[in-house]
Amino acid sequence: MPDSPRIPPPPGDRPEGKKLPGTYRAFAAKFPEVAAQHERMADAVDAAGPLDAKTKFLIKIGISLGAGLESALRSHVRRAMAAGATEEEVEQAILLGMNTRGFPATVAAWSWAQVQFARERADREAAGEAE
């Protein structure tokens, strides 16, 4: 990966590069220009309107639920919480998918969020932060 340019994360989106999924890092290393274009599009979409970061990530949780994307949902849960969302707000964003996507998909998404909540708690404990 030393010959590949580092793809910068969108502002405020991914504060720690270590949180980027390994698959994404591998893809970006192999196809740096494609990844760079993807990031530029993400930056443009992010700046296209007035929504704050927390709201955008809560919406992305709903989109991830609808698409059945577990890894994306967990990533957006982490980002929403970093932007100030509570577990209750994340859970409501997931519950809003119930009538549109259905009970099984909503419960699956809720379970994926629980995994991320547990990871967040473990990270805080490891860092010595209080609940």
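- Under 3.5 Å, the side chains of Glu120 and Gln116 contain a donor-acceptor pair of N or O atoms.
- In this structure, the separation between CZ on Arg119 and CZ on Arg78 is 10.0 Å, given to the nearest 0.5 Å.
- Between Glu70 and Arg74 there is a salt bridge, with a side-chain nitrogen of the basic residue lying less than 4.0 Å from a carboxylate oxygen of the acidic one.
- Other residues, nucleotides and ligands contribute more than 12 heavy atoms inside 6.0 Å of the CD atom of Gln37.
- How far CZ of Phe31 is from NE2 of His38: 14.5 Å, rounded to the nearest 0.5 Å.
- Within 6.0 Å of atom CG in Asn99, 12 or fewer heavy atoms from other residues, nucleotides or ligands are found, so the atom counts as exposed in its surroundings.
- For the pair Ser64 (side chain) and Lys60 (backbone), a donor-acceptor distance under 3.5 Å is present.
- With respect to the salt-bridge test (charged N to carboxylate O, under 4.0 angstrom), the residues Arg40 and Glu33 qualify.
- There is no path of hydrophobic side-chain contacts, each under 4.5 Å, that joins Phe57 to Met81.
- In this structure, CG in Asp46 is found 10.5 Å from CD in Glu39, a value given to the nearest 0.5 Å.
- The shortest non-hydrogen separation linking Ala93 to Leu58 is CB-O, 3.9 Å.
- What you find for Thr106 and Met98 is that their closest heavy atoms are OG1-CA, 3.2 Å.
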Could you go step by step and tell me if Glu91 and Phe117 meet the side chain to side chain contact (heavy atoms under 4.5 Å, CB included) rule? CA-CA 11 Å; Glu91 288 177 325; Phe117 294 160; 4.0 Å; yes
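- Residue Leu73 comes nearest to Leu65 through the heavy atom pair CD1-N, 3.9 Å, listed as atom of the first residue, atom of the second, then distance.
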I'd like to know whether Phe27 forms a side chain to side chain contact (heavy atoms under 4.5 Å, CB included) with Val34, so could you lay out the CA-CA distance, the side-chain angles of the two residues, the decisive distance to 0.1 Å, and finally the verdict. CA-CA 9 Å; Phe27 181 88; Val34 173; 3.9 Å; yes
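- Hydrophobic cluster membership is shared by Ile61 and Trp110, with clusters built from Ile, Leu, Val, Met, Phe, Trp and Tyr side chains linked at under 4.5 angstrom.
- For Arg101 against Gly66, the heavy-atom pair with the smallest separation is NE-O, 2.9 Å.
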Working for side chain to side chain contact (heavy atoms under 4.5 Å, CB included), residues Gln92 and Glu89: CA-CA 5 Å; Gln92 183 179 13; Glu89 289 171 319; 5.8 Å; no
